[in-house]
Amino acid sequence: GTSAFFGSDPYKVFEEVSVPEARAINDDRGASTAAKRALLDYFLSSAALLQRSTQESLPPRVMLFHTAHTKDKHRILFNTVSNLVKEIRRKWIRKDPEFIDAMRKRWETSFAASFTERYPNDSFPSFNNIIPFLDSELRTFNTKSEILLINSDSDIKIDFDSDPSLRAIFVGGNKLSRGITLEGLLTSYYTRNTLAGDTLLQMGRWFGYRGDFVDLIRVYTTTGLYSDFSDLNQFEIELREEIAYLKKLGKKPEELPPSLSIHPGVKKFTAA
């Protein structure tokens, strides 16, 4: 997954979160410009996924916010996300012309570019084609039951087998970063720093999504974290090359352990 999203020719999924916002997003009155745009992208991609779906049942549509590991910050972010979604729904239902025009422009620029890259021979759907699906998604989205706080204090069970059409925005930390498979993950807002490569790799929950809706995926993170994920991709390349070289020499790992270079940003590969 790292090469698909952070290699030499990655999918167009990256959206920048400024360092000031990344530092303030977990505060009561912190900056949330990119977070709001990420939510707009989530609803646009959800509508687009429904518009192109040929399934009898609705596909899952999920968004992830992972910005910290402490539960007090999760609660603050949960309230921020809830308020932003309420504002988005209110502006859409009231048919705010500036807001609708902003969504149209977002669809016709960012999503048009990623669609054309992925499907150069197909016709990109117009904004008017997805409006019925977007209207349905925004009007029916329940901020009380579909924005979910997932951490060690919550007893929420995520089960895509029993609910294959699950629609939700998840806010949380470690519990979301490992052990849970998120089906239909469309938009990720990830700003949590770590110095360990294996921890960073676990947190890239979007790596499995390289299928027929990869053009709808968006990963919101800082340029620093983007660079760290690019380093992870380099680690993988180096490790595969090292293993191939050792195999050519006829050496087993216990005879000559594979070596890797340390890159800036990722100070260690695993915990001690």
Side-chain angles (χ1 to χ4, degrees), residues 1-7 10-17 25 34-53 55 57-68 74 77-78 81 84-85 106 110-111 114-115 117-118 133-134 137 141 145-151 154 156-192 199-222 225-226 229 232-233:
T2 49
S3 62
F5 293 100
F6 300 98
Y11 292 126
K12 290 181 174 66
V13 302
F14 171 59
E15 296 288 339
E16 183 180 357
V17 178
I25 189 64
K36 183 175 181 178
R37 190 168 72 249
L39 286 163
L40 294 181
D41 283 357
Y42 167 66
F43 285 111
L44 282 168
S45 59
S46 294
L49 187 63
L50 293 178
Q51 188 265 341
R52 72 175 61 170
S53 177
Q55 305 175 36
S57 59
L58 297 177
R61 289 96 68 210
V62 169
M63 181 175 183
L64 165 68
F65 277 90
H66 185 178
T67 62
H74 297 163
L77 181 60
F78 176 84
V81 171
L84 287 173
V85 173
R106 185 73 184 156
S110 176
F111 285 93
S114 56
F115 179 91
E117 177 195 46
R118 185 72 175 85
F133 303 95
L134 183 57
E137 286 292 270
F141 191 89
S145 62
E146 294 184 303
I147 302 176
L148 304 176
L149 181 60
I150 307 293
N151 57 28
S154 64
I156 298 172
K157 304 296 183 184
I158 303 173
D159 187 353
F160 287 93
D161 289 329
S162 61
D163 189 3
S165 300
L166 181 65
R167 177 179 65 178
I169 297 173
F170 296 118
V171 179
N174 289 343
K175 200 170 181 180
L176 278 177
S177 67
R178 55 178 67 89
I180 295 175
T181 298
L182 298 177
E183 300 285 351
L185 180 60
L186 294 168
T187 311
S188 300
Y189 185 99
Y190 173 75
T191 57
R192 178 182 166 189
T199 303
L200 188 66
L201 187 61
Q202 285 179 337
M203 294 181 186
R205 307 316 306 275
W206 51 85
F207 282 152
Y209 295 89
R210 301 185 294 279
D212 57 3
F213 64 91
V214 72
D215 62 298
L216 301 176
I217 294 173
R218 293 294 179 270
V219 178
Y220 279 77
T221 191
T222 62
L225 278 167
Y226 185 96
F229 277 116
L232 278 182
N233 181 56

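- For F115, the side chain to side chain contact (heavy atoms under 4.5 Å, CB included) partners are R52, Y119, D122, F124, P125, D215, not counting sequence neighbours.
- Taking 4.5 Å as the limit, every side-chain heavy atom of V219 sits out of range of all side-chain heavy atoms of Y190.
- Atoms CZ and OG1, from F229 and T221 in turn, are 6.5 Å apart once rounded to the nearest 0.5 Å.
- Of all non-hydrogen atoms in E16 and A34, the two that sit nearest each other are O-CB, 4.0 Å.
- At least one donor-acceptor pair closer than 3.5 Å links the side chain of R61 to the backbone N or O of P59.
- Summarising the geometry of R118 relative to V214, their closest heavy-atom pair is NE-CG1, 3.1 Å, with the distance given to 0.1 Å.
- Put simply, the side chain of I217 does not reach to within 4.5 Å of the side chain of L185, judged on heavy atoms.
- The closest side-chain heavy-atom distance from D41 to F111 is below 4.5 Å.
- Of all heavy-atom pairs spanning P60 and F160, the tightest one is CB-CE2, 4.0 Å.
- Atom-to-atom distance recorded for F65:CZ and T191:OG1 is 9.5 Å, nearest 0.5 angstrom.
- Annotation: side-chain hydrogen bond (donor to acceptor under 3.5 Å, both in side chains) contacts of T67 (sequence neighbours excluded): N26.
- Interatomic distance, E137 CD to E146 CD, rounded to the nearest 0.5 Å: 8.5 Å.
- The shortest non-hydrogen separation linking L148 to A168 is CD1-CB, 4.0 Å.
- Rounding to the nearest 0.5 Å places CZ of R167 at 12.0 Å from CG of L186.
- With hydrogens and angles disregarded, no donor-acceptor distance shorter than 3.5 Å links the side chain of N151 to the backbone of G172.
- The aromatic rings of F141 and Y42 lie perpendicular to each other, with more than 60° between the two planes, well past the 30° mark.
- With values rounded to the nearest 0.5 angstrom, F78 atom CZ is found 6.0 Å from I147 atom CD1.
- Nearest heavy atoms, P10 versus E117: O-OE2, 3.7 Å.
- Among S45, S188, S114, the single residue meeting the side-chain hydrogen bond (donor to acceptor under 3.5 Å, both in side chains) criterion with R218 is S114.
- A distance of 8.0 Å separates CZ in F6 from CZ in F14, rounded to the nearest 0.5 Å.
- Taking the centre and axis of the six-membered ring of Y189, the NZ or CZ atom of R37 falls outside the cone set by 45° and 6.0 Å.
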Run L225 and L200 through side chain to side chain contact (heavy atoms under 4.5 Å, CB included) and show every step you take. CA-CA 9 Å; L225 278 167; L200 188 66; 4.0 Å; yes

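- The shortest distance between side-chain heavy atoms of L166 and E183 does not fall below 4.5 Å.
- In this structure a side-chain-to-backbone donor-acceptor pair under 3.5 Å is missing from S110 to R106.
- Residues V17 and Y226 fail the side-chain proximity criterion, which asks for heavy atoms closer than 4.5 Å.
- With I169 as the partner, the side-chain contact (heavy atoms from CB on, under 4.5 Å) test is satisfied by one option alone out of V62, L64, T187, L39: L39.
- Taking the ring centroids of W206 and Y11, they lie at or beyond the 6.0 Å cut-off.
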